[in-house]
S.K.: 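I have a structure here, written as structure tokens, and I will follow up with some questions on it.
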2 protein chains.
Amino acid sequence: MTPSAAFMDTGHDHDLCMESALDRASALCGERGVRLTPLRRRVLELVWVGHKPLGAYEILDTLKAERQGAAPPTVYRALDFLLQHGLVHRIESLNSFVGCPDPLKPHGGQFLICRSCGLTAELNDHRIDQAIRNSANKAGFTVGRPMIEIEGLCPHCRDAGEGSPG
Amino acid sequence: MTPSAAFMDTGHDHDLCMESALDRASALCGERGVRLTPLRRRVLELVWVGHKPLGAYEILDTLKAERQGAAPPTVYRALDFLLQHGLVHRIESLNSFVGCPDPLKPHGGQFLICRSCGLTAELNDHRIDQAIRNSANKAGFTVGRPMIEIEGLCPHCRDAGEGSPG
DNA sequence: GTTCATAATGTTATAATATAACATTATAGT
DNA sequence: ACTATAATGTTATATTATAACATTATGAAC
């Protein structure tokens, strides 16, 4: 799987996808000398259960069934760690979290978010980034983290005619 | 003031800026046959007090001093109306609201947000939009509203050396 | 392997943001 | 004035996130 493989059609082996994400996380933490504890690893796993952003309290619900006394700080602290190391992204428009397929270099995210099924794909298009930097620089603005969240319809939902259900 | 006049330096007449925003709002509502009630107008005014996004509860605090019994729904309903008509934007990364200088045609926002002073400018760069659409289309994704929130440093704070205070 | 400093997690409480549900009042059209 | 609808008032609560302090686990030094 390439990081930019958006909206995988047939043949997306998600078990493999998730396993490799966890392996990458483990390696990255090893290199950085930080600890991917069982709790952090489990939270990362839960985030990677799908390519659909998960809310902190959804994660918490699952954790509660597994550890006695799991509480909001349990999950928020794990998420903070994962965010810091680029292992997950926060989707601001959904107050939710999604796994990052390419945690090595820090980047603001470029996300395609399906309004119908919730499936979310991360882009990393240098030309979008470039267009943003050009425009920002013209305004004298120094770009830190560009955050791009594009609401719309994924190919499957579009083909299924999921215009604006209701 | 042009809509894309980001980070106005000297000579930004904000009273005029705000007044003209309110006039545009009034005209727009008139054309659309919807009512810019005193409450809605007041909330819009408060949002336009500065070019810095305002939280709903900040607005509420001010309203409370002016109307007895102002409560969260008071401000959220006014904001919903203003959002629907493109008169304000929601800044997702700040859970805050900012006036839209160009409410006529609906658009996802492109925002430059200064991490130091909070000043926020709206872009409307067609090339950013185009780059996004190109990239999204390649993934088979139908773009709805692109949301772009760029955290960084405005010219003033950059020149004042506000790197990462602390 | 004990001691110590630090990191991680547990635990309780609460802050900040947002909406639901129903009552009342204002407005526009008749 | 009457009525339908829109807008606002009011109370309660849901959702998301953090503060503050206690406890436990881990790794480094000895």
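These values consider heavy atoms only, across backbone and side chains, with no hydrogens, waters or symmetry-generated copies. Here is the naming used below: chain letters follow the sequence lines, and residue numbers restart at 1 for every chain.
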S.K.: Starting at atom OH of B:Tyr76, determine the distance to atom C1' of D:dA14, rounded to an integer number of angstrom.
M.R.: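 Going from OH in B:Tyr76 over to C1' in D:dA14 covers 12 Å.
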S.K.: Could you state the CG-P distance from A:Leu36 to D:dT26, rounded to the nearest angstrom?
M.R.: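 Taking atom P of D:dT26 as the reference, CG of A:Leu36 is at 14 Å.
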S.K.: If I take atom CD1 from residue A:Ile132 and atom CZ from residue A:Arg127, how far apart are they, to the nearest 0.5 angstrom?
M.R.: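 Here the rounded value is 13.5 Å.
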S.K.: Taking the basic N atoms (NZ, or NE/NH1/NH2) and the acidic carboxylate oxygens, is any pair closer than 4.0 Å for A:Glu151 and B:Arg145?
M.R.: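 Between B:Arg145 and A:Glu151 there is no salt bridge, as every charged N stays at least 4.0 Å from the carboxylate O atoms.
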S.K.: OH of B:Tyr57 versus P of D:dT18: gap in Å, rounded?
M.R.: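 Taking OH of B:Tyr57 and P of D:dT18, I get 16 Å after rounding.
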S.K.: Under a 4.5 Å side-chain heavy-atom rule over Ile, Leu, Val, Met, Phe, Trp and Tyr, are A:Met147 and B:Phe111 clustered together?
M.R.: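 Different clusters: A:Met147 never reaches B:Phe111 through Ile, Leu, Val, Met, Phe, Trp or Tyr contacts under 4.5 Å.
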S.K.: Whole Å only: how far is the CD atom of A:Glu58 from the C1' atom of D:dT15?
M.R.: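 The answer, rounded to whole Å, is 12 Å.
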S.K.: Applying side chain to side chain donor-acceptor pair (under 3.5 Å), can you list everything that pairs with B:Glu66, at least two apart in sequence or on another chain?
M.R.: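 Side chain to side chain donor-acceptor pair (under 3.5 Å) check on B:Glu66 returns B:Arg42.
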S.K.: Using the salt bridge (charged side-chain N to carboxylate O under 4.0 Å, His left out) criterion, which residues pair with A:Asp125? Sequence neighbours excluded.
M.R.: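 So A:Asp125 forms no salt bridge (charged side-chain N to carboxylate O under 4.0 Å, His left out) with any residue.
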S.K.: Roughly how many Å is it from CG in B:Asn95 to P in C:dA15, rounded to a whole number?
M.R.: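 Whole-Å distance recorded here is 18 Å.
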S.K.: Take atom CG of B:Asp80 and atom P of D:dA6, then tell me their distance rounded to the nearest Å.
M.R.: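 To the nearest whole Å, that distance equals 16 Å.
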S.K.: To the nearest 0.5 Å, how far apart are CZ in B:Arg35 and CZ in B:Arg41?
M.R.: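 So the CZ of B:Arg35 and the CZ of B:Arg41 are separated by 14.5 Å.
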S.K.: Set out, line by line, the N/O atom pairs under 3.5 Å between protein and nucleotides 7-10 of chain C.
M.R.:
from, atom 1, to, atom 2, distance (Å)
C:dA8, OP1, A:Arg40, NH1, 3.1
C:dA8, O5', A:Arg40, NH2, 3.4
C:dT9, OP1, A:Thr37, OG1, 2.5
C:dG10, OP1, A:Arg67, NH1, 2.8
C:dG10, N7, A:Arg77, NH2, 2.4
C:dG10, O6, A:Arg77, NH1, 2.9
C:dG10, O6, A:Arg77, NH2, 3.3

S.K.: Would you kindly give the CG-to-P distance between A:Leu94 and C:dT17, to the nearest whole Å?
M.R.: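 Atom-to-atom, A:Leu94 to C:dT17, this comes out as 18 Å.
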S.K.: In whole Å, what is the span from the CD atom of A:Glu92 to the C1' atom of D:dT16?
M.R.: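 For the pair A:Glu92 CD and D:dT16 C1', the rounded distance is 12 Å.
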